Structures are given as C-alpha cells and as structure tokens.
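To keep things clear, I will list the structure first and then write my remarks on it.
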2 protein chains.
Amino acid sequence: MSPRARAPKAAPPAAEARDIPTEVKDPGLVTRRRRQIVDAAVRLFIAKGFHKTTTREIAKAAGFSIGTLYEYVVSKEDVLYLVCQAIHQEVEERIRARLPQASHGAMALEAAMEVYFTVCDEMSDHILLIYQETKSLPKEAMRFVLAHEQRLTDLFADLIRRGVEDYSLRPLNHAEIGLLAHDIAVLGHMWTFRRWALSPRLSLADYIGLQKELILGQLR
Amino acid sequence: MSPRARAPKAAPPAAEARDIPTEVKDPGLVTRRRRQIVDAAVRLFIAKGFHKTTTREIAKAAGFSIGTLYEYVVSKEDVLYLVCQAIHQEVEERIRARLPQASHGAMALEAAMEVYFTVCDEMSDHILLIYQETKSLPKEAMRFVLAHEQRLTDLFADLIRRGVEDYSLRPLNHAEIGLLAHDIAVLGHMWTFRRWALSPRLSLADYIGLQKELILGQLR
DNA sequence: GGTTGGTGAGCGAGCGCTCAGTCGGACAAG
DNA sequence: CTTGTCCGACTGAGCGCTCGCTCACCAACC
C-alpha cells in the first residue's frame with residue numbers, strides 16, 4: 001500500500017496511522033469526493049460484490065476517472081474499508097437518532113428492538129454486504145467492523161441490565177444478558193438474509209412483533 | 001463457461017442440465033477425483049476465500065495439475081458449486097444420522113436442537129464459507145443452496161408442528177411455527193459467526209442450554 | 001486589461017502482472 | 001493402435017495502479 005510519490009505529505013510525521021493519507025488538499029473536497037466514492041462503491045458492491053467490481057467502474061460511477069479515484073484512496077481495499085465504515089456509521093446514527101431516552105427497563109428494550117429491526121429492514125442490502133465482504137478486509141480494518149458489532153450488542157445488553165435493575169425484567173446473570181443481546185442483534189440481521197423465505201408469509205411488523213414476544217416473553 | 005473442445009460429450013444430447021459433463025470415463029475415478037478436488041478446495045476457500053484462491057492452487061492441493069483439474073470440472077465456479085453441495089450434504093447427513101426417532105414432541109425438538117447446534121459447531125468454518133460465497137454462485141446453483149436451507153428449516157418446523165399436535169407444545173399458528181424454525185436455524189449459525197464474542201464467556205454446552213431454554217420456554 | 005507563471009485537480013493510456021482456461025503431447029494399459 | 005489419464009507450457013483477457021500530461025484558475029506584475 002504505497003502512498004503516491006506526488007503527495008509527500010510534509011505535515012504531521014505519522015499522526016494518522018489509519019485513515020488514508022490526508023495529503024495537503026482542501027479537506028472539504030477530500031471528504032466530498034470520498035463520499036462520492038463510497039456512494040458509488042456501495043451501489044456496485046451490493047450489485048456485483050467487491051471482487052467483481054473494478055476500480056474503473058467505481059471511478060466512473062462516482063463521476064470521475066481512475067486517476068482521480070486514486071488521488072483520494074490508496075487502494076481498492078481502502079474503498080471497501082471506507083464503505084464498511086460508512087455503513088456502520090449510518091446504521092448507528094439511524095438507531096441512536098430514533099431511540100427514545102425517556103422510557104425505562106422493559107419498555108426501553110422493546111422500543112430499541114423495534115427501532116433496530118426497522119433499521120435492519122431499511123438497510124438490509126448493506127448489512128448483507130457487510131456479512132459477505134468483511135473477510136476481504138485487511139486484519140486491522142476487520143477489527144473495526146467487529147468493534148462496531150460489539151458496540152451495538154452492548155447497547156442491548158445495557159438495556160437488559162437496566163431492566164433487571166429496575167425489576168421490570170427477571171433476574172439474569174452476566175452470560176445470559178450477553179447472549180440475549182447477541183440474539184437480538186442476530187435476529188435483526190436474520191430478517192435481511194432470510195427475507196427470501198420470511199417476507200412472503202410475514203410482514204416486517206409481524207416479524208418484529210413475534211420476535212419481541214420471543215425475547216421479552218423470556219425476560220418477564 | 002465454455003466446455004472444453006476435447007470433451008464433446010456425444011452421449012445424451014441434453015440429459016444433465018446441471019451436474020458437470022459426465023463424459024465417457026470411469027465413473028469411479030471421476031467421483032474420486034472430484035472428492036479430491038472438493039477436499040482441497042474446501043480447505044483453501046476457508047483459508048483464503050473463493051476469489052483469492054487460484055485454480056492452480058486447488059489442483060496442486062488436490063495432488064495433480066491444472067490440466068487434470070479441468071478434466072473433471074468445467075470452470076472455477078463449478079468447483080465452488082461442488083463445494084457448497086458437498087458441505088450441505090455433509091451437514092444434512094450428520095444431522096440425520098444422529099437424530100433419535102423414538103422420542104416425540106417437545107423432547108424430539110430438544111434433541112434435534114442439540115444435534116443441530118453441535119453439528120454447526122463442528123462445521124463452523126464450512127458454514128461461514130457458505131454465508132460468504134453463496135452470492136458468487138451462478139443463479140441456478142444458488143437456488144440449490146437456498147433449497148437446502150429450506151429443507152433444514154422444514155425439519156424443525158415439522159418437529160414443532162408434531163409437538164403442537166401431541167399437546168407437548170402450546171398451540172401455534174403457521175406463521176409462528178415457520179418463524180420459530182428459522183430462528184433455530186439461524187441461532188445455530190450464530191454460534192459460527194459470533195464465536196469471537198461468545199466463546200470466551202460461554203462453552204458450547206452453555207450456549208446450547210441457554211438457547212434451548214429461550215426457544216422451548218416460549219413453546220410450553 | 002493583458003501577460004505570465006505557478007498551482008493542483010483531473011485525466012486516461014498503458015505497464016506489469018495475474019490467472020482461468022487450452023492444447024498438443026507423453027505415457028501406460030489393453 | 002487405441003483409449004484413458006495426466007501433464008504443464010502457453011495464451012490472452014482483464015485488472016489494479018501509475019505517471020506524464022492538460023487546463024482552469026488565480027495572483028502578480030506591467
């Protein structure tokens with residue numbers, strides 16, 4: 001992953017270990033172009049997969065040439081990294097934006113599941129992409145993905161824990177709480193990769209309702 | 001996917017729509033060689049992924065040259081197809097081999113979950129592979145994979161239905177049974193792609209126990 | 001206003017290489 | 001000689017990435 005000779009980045013010596021060479025360009029332009037790249041790449045990766053998409057296609061779909069693409073990105077793998085990062089950020093933002101704070105315990109958990117499952121539905125193509133291409137990421141970037149997944153799971157674990165503390169949920173030990181949180185996270189993803197079997201018979205609302213029943217029924 | 005000029009398969013005109021040209025060779029050798037190919041490919045695909053594995057590597061790992069590889073296979077995609085087929089067959093065989101028939105209702109379901117989760121653990125690398133590479137399969141082959149997944153799910157659905165009928169489980173409608181069956185199937189897979197978070201805190205036996213509780217607690 | 005020189009975003013032909021798939025021939029058995 | 005099996009050098013398409021170049025823009029100077 002050699003940085004381009006033309007961009008000697010004389011500024012901070014080694015400040016940004018991760019995050020693609022930040023060069024000496026207009027940072028506004030850089031972020032705008034990167035967003036264009038990510039938008040184009042997401043569409044293409046979803047349609048054809050990472051390996052079957054060429055860098056030329058990405059550049060074209062983003063509205064410029066390969067030369068320009070490589071002004072803003074160090075390698076094709078970096079594009080995938082940016083894409084994964086963007087997707088996770090969007091998932092997290094959508095969830096946090098819609099989470100009601102006011103409620104407590106069981107109610108809060110129920111609301112969170114509702115929000116989470118809805119977001120999973122909205123972004124199912126993206127979530128599928130993450131499942132399929134995470135392994136193509138370099139080691140370090142993969143840790144980033146897993147860390148995000150863990151953070152999301154922790155969100156559910158916290159809600160359950162709070163429910164236990166205020167007695168709106170039955171007592172649970174550490175392991176049980178962790179597992180239940182993972183169950184919720186995965187059951188959300190399940191809607192994205194089992195839609196082919198599920199959605200003909202079940203609406204999203206039905207799905208959410210039944211899964212809430214399954215989890216919360218176990219917790220009361 | 002151009003068939004080799006050297007293998008004109010003059011025999012039945014279009015008998016085998018799927019299933020690689022069966023030529024006019026010793027069928028014993030063909031199946032033996034194909035098994036070698038599949039064994040080698042599984043190992044390599046698990047380690048490096050489909051796209052990053054070369055046909056030459058597969059041939060070498062199988063113990064012969066590329067030329068020979070292409071005597072028994074029509075394309076690289078076909079290797080992936082054979083691999084997916086073999087994995088599914090193995091999963092199914094292992095499960096059916098260990099399923100006790102004698103028991104009934106809730107007991108049978110519980111036993112089936114135990115067996116299924118154990119097989120998922122044994123074959124977790126293979127299941128992960130399926131998740132990641134199914135999309136690289138040609139359309140028709142993909143249907144095969146989904147059909148297998150459906151058959152496995154139906155197995156659980158049948159057990160639940162029988163449990164409802166003999167009153168060892170509470171009454172459930174069609175949609176609920178279907179969803180629960182999918183939940184079980186996916187919860188089995190979950191152990192394979194969340195081991196990084198789960199297994200430090202939970203043994204397989206713990207995992208099985210808690211998940212059985214979750215599902216069966218809901219059904220009694 | 002006109003000229004000049006500097007700057008850097010953008011370009012795309014093409015380099016270097018990888019890799020799926022081919023083919024002509026070697027070799028052994030019948 | 002024929003047939004079945006295997007070999008591996010060879011081919012050519014296609015890919016990621018590079019780099020010499022263009023050109024719009026701006027500021028300085030006449």
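Bear in mind that the values here come from a model prediction, so they are computed numbers and not experimental data. Values reported hereafter were calculated over all heavy atoms of this structure, with side chains retained and with hydrogens, waters and symmetry mates removed. A note on names: the letters A, B, ... follow the listed sequences, proteins ahead of strands, and every chain is numbered from 1.
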(message) From CD1 of A/Ile37 over to P of C/dG10, roughly how many Å is that when rounded to an integer?
(response) 10 Å
(request) Would you kindly give the NZ-to-C1' distance between A/Lys60 and D/dC15, to the nearest whole Å? (result) 16 Å
(message) Tell me whether B/Glu71 is salt-bridged to B/Arg33, with the criterion being a basic N under 4.0 Å from an acidic carboxylate O.
(response) no
(request) Please determine if A/Arg194 and B/Glu149 form a salt bridge, counting it only when a charged side-chain N lies under 4.0 Å from a carboxylate O. (result) yes
(message) Of the options C/dT22, C/dC11, D/dC7, whose atoms approach the side-chain atoms of B/Phe64 most closely?
(response) D/dC7
Table of protein N/O atoms under 3.5 Å from nucleotides 27-30 of chain C N/O atoms:
none

(request) Mind calculating the distance between CG (B/Leu80) and P (C/dA20) to the nearest angstrom? (result) 13 Å
(message) With salt bridge (charged side-chain N to carboxylate O under 4.0 Å, His left out) as the criterion, how do A/Asp154 and A/Arg151 come out once you've worked through the C-alpha distance, each side chain's angles and the decisive distance to 0.1 Å?
(response) CA-CA 5 Å; A/Asp154 288 343; A/Arg151 219 164 39 235; over 6 Å; no
(message) Would the distance check show the side chain of B/Lys212 and the main-chain N or O of B/Tyr207 forming a donor-acceptor pair, the cut-off being under 3.5 Å?
(response) no
(message) Using every non-hydrogen atom in the two residues, find where B/His51 and B/Ser136 come nearest and quote the distance to one decimal.
(response) NE2-OG, 3.4 Å
(request) Tell me whether the OP1 or OP2 atom of D/dC7 has a side-chain N or O from B/Ser65 closer than 4.0 Å. (result) yes
(message) What is the separation between atom CD on B/Glu71 and atom P on C/dG21, rounded to the nearest whole Å?
(response) 14 Å
(message) If you take any heavy atom closer than 4.0 Å to DNA chain D, which residues from residues 50-59 of chain A end up in contact?
(response) A/Thr53, A/Thr54, A/Thr55, A/Arg56
(request) Would you check if A/His88 and A/Ile130 make a side-chain contact, meaning some heavy-atom pair closer than 4.5 Å? (result) yes
(request) With the side chain of B/Ile66 defined as its heavy atoms from C-beta on, choose the nearest nucleotide among D/dG8, D/dC7, D/dT18. (result) D/dG8
(message) Can you tell me if B/Tyr72 touches the phosphate of D/dC6, counting only side-chain N or O atoms and a distance under 4.0 Å to OP1 or OP2?
(response) yes
(request) Please work out whether the ring planes of A/Tyr131 and B/Tyr131 are parallel, tilted or perpendicular, with thresholds of 30° and 60°. (result) tilted
(message) Closest-nucleotide mapping onto DNA chain D: is A/Lys76 or B/Gly63 further toward the 5' terminus? I mean the 5' end.
(response) B/Gly63
(message) So that I can tick it off, tell me whether B/Glu114 and B/Arg98 are bridged by a salt bridge, with the cut-off set at under 4.0 angstrom between side-chain N and carboxylate O.
(response) no
(request) Take atom CG of B/Leu69 and atom C1' of D/dC6, then tell me their distance rounded to the nearest Å. (result) 12 Å
(message) Between B/Gln132 and A/Gln132 (side chain of the first, backbone of the second, donor and acceptor by atom type, cut-off under 3.5 Å), is there such a pair?
(response) no
